[in-house]
Protein chains: 2
Amino acid sequence: MMKITKKTEYALIALKYMQSLESGSVANTTELSERHSIPRELLAKAMQQMARSGFIQTVSGAKGGYKINSDFTQISMDSFLEIMEGPLSLVICTEEHDCPIQESCNISKPLNTINAKMKLFFSNISLAEITS
Amino acid sequence: MMKITKKTEYALIALKYMQSLESGSVANTTELSERHSIPRELLAKAMQQMARSGFIQTVSGAKGGYKINSDFTQISMDSFLEIMEGPLSLVICTEEHDCPIQESCNISKPLNTINAKMKLFFSNISLAEITS
DNA sequence: TATAAATCGGACTAATTTAGTCCGCGTTTA
DNA sequence: TAAACGCGGACTAAATTAGTCCGATTTATA
Ligand code: FES
Ligand code: FES
């Protein structure tokens, strides 16, 4: 359990590789996928999502691809995971309020406390710890 | 993401309720499931798993059920989750060694470091924090 | 001693989530 | 204008999770 999804893993792999390139240089999805033996189309989704979120910049057209955003390493793992995979929460009632059994649920409060601590834990880990 | 499974949630709900009972008293699955509006058969699986793991004790036969094990609160959330849901790991290569892309994977080491920290985080949370 | 109430655990189905693919579109280079 | 690239929606496939069913065993009790 507690697995990150493949999409997120691929995103991290790409980020790490891009960071090893000369600053300002452009990497494209095909190259990234071949170099790391990961499915191109799925990686493409991850790249697009990161671009939308401002972690990387799109360079469109032929010879295009993505450039890394210089300050991305300051992003916390908490934010990164939430953007790539949605809210970090141990139970649904952390996010929504329509937990079907919440009335009779006796562990909602303590779990939400632990959840907050867990988020804090991940917010203290920067992407730089992974990609540098 | 990072959700615990329903089975684990049901297990915790049952534990918490059982702890509120007079010590030594027996609770059965039907009662627990009705009281908390959770699927009986699925809860039953959770109870059986906890019994096998020694968190609770089976009282078999008619008028049977489960008794809580006095020292269960000392269990860490890390152990509990691993027993209920398997290894806590952000990526498969934490558990096994046959990660298909591990050769070309550039983030395996840092993720494993973070994973170890995460396990430490959960090992510092006791079940008592949830069920007391 | 028969019956009912309970756990046990395997096998099964259904639902949900994750993984991966396909394709038509817009943009830019050459 | 053709080729190389990202965009994003729609789709299928695979895997995991949730939930159900049932036959077997144990025990209390009528
Ligand atoms: S209803 Fe959300 S933890 Fe139980
Ligand atoms: S192969 Fe395990 S993290 Fe990439």
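Naming convention: chains lettered A, B, ... in sequence-line order (proteins, then strands); numbering from 1 in each chain.
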Q. Can a side chain N or O of A:Thr58 be found less than 4.0 Å away from OP1 or OP2 on D:dC7?
A. yes

Q: With rounding to the nearest 0.5 Å, note down the distance linking CD1 in B:Ile130 to CG in A:Leu111.
A: 5.0 Å

Q) Out of C:dT28, D:dT27, C:dG20, which has the shortest distance to the side chain of A:Pro39? A) C:dG20

Q) Taking only residues two or more places apart in sequence or in another chain, which ones pass ring-ring contact (aromatic ring centres under 6.0 Å, His included) with B:Tyr17? A) B:His36

Q) How far does the helix from C:dT1-D:dA30 to C:dA30-D:dT1 bend, going by the axes of its first and last five pairs, to the nearest 10°? A) 0°

**Q.** Options D:dA28, C:dT21, C:dT7, nucleotide nearest the side-chain atoms of A:Leu42
**A.** C:dT21

Q: Determine the contact category for A:Arg40: base if any of its heavy atoms lies under 4.0 Å from a base atom, sugar-phosphate if only primed atoms, P, OP1 or OP2 are that close, otherwise nothing.
A: sugar-phosphate

Q) In whole angstroms, how far is the P atom of D:dG9 from the CD atom of A:Glu41? A) 15 Å

Q. Can you tell which of C:dG9, D:dT17, D:dA3 lies closest to the side chain of B:Gln48?
A. C:dG9

**Q.** Separation of atom CG in A:Leu43 from atom P in D:dG8, rounded to whole Å
**A.** 15 Å

(Q) Just the rounded figure in Å: distance from P of D:dA15 to NZ of B:Lys3. (A) 23 Å

Q: For B:Thr29 and B:Arg40, test the side chains for any donor-to-acceptor distance below 3.5 angstrom and give the result as yes or no.
A: no

**Q.** Between C:dG20 (C1') and A:Tyr10 (OH): distance, integer Å
**A.** 9 Å

Q | Distance, rounded to the nearest Å, where A:Met84 contributes CE and C:dT17 contributes P | A | 18 Å

Q | Same cluster (ILVMFWY, side-chain, under 4.5 Å), A:Met2 and B:Ile83 | A | yes

Q) What is the distance, rounded to the nearest whole Å, between atom CD of A:Gln49 and atom P of C:dA19? A) 12 Å

Q.
So A:Gly64, base contact, sugar-phosphate only, or nothing? Heavy-atom distance under 4.0 Å.
A. sugar-phosphate

Q: Would you mind reading off the distance between B:Lys63 atom NZ and D:dT27 atom C1', rounded to a whole angstrom?
A: 12 Å

Q. Which comes earlier along DNA chain D counting from the 5' end, the contact point of A:Lys45 or that of A:Val59, where each point is its nearest nucleotide?
A. A:Val59

Q. Looking just at side-chain N and O atoms, do B:Lys3 and A:Ser89 make a donor-acceptor pair shorter than 3.5 Å?
A. yes

(Q) Once ring pair (Phe, Tyr, Trp, His ring centres under 6.0 Å) is applied, what residue pairs with a partner in residues 53-74 of chain B remain, sequence neighbours excluded? (A) B:Phe55-B:Phe80

Q. Closest to the A:Thr29 side chain: D:dT26, C:dG9, D:dG6?
A. D:dG6

Q) In this structure, which one of B:Leu88, B:Thr5, B:Leu90, B:Thr8 forms a side-chain contact (heavy atoms from CB on, under 4.5 Å) with A:Met1? A) B:Leu88

Q. Over how many whole Å does the gap from B:Arg52 atom CZ to C:dG10 atom P extend?
A. 8 Å

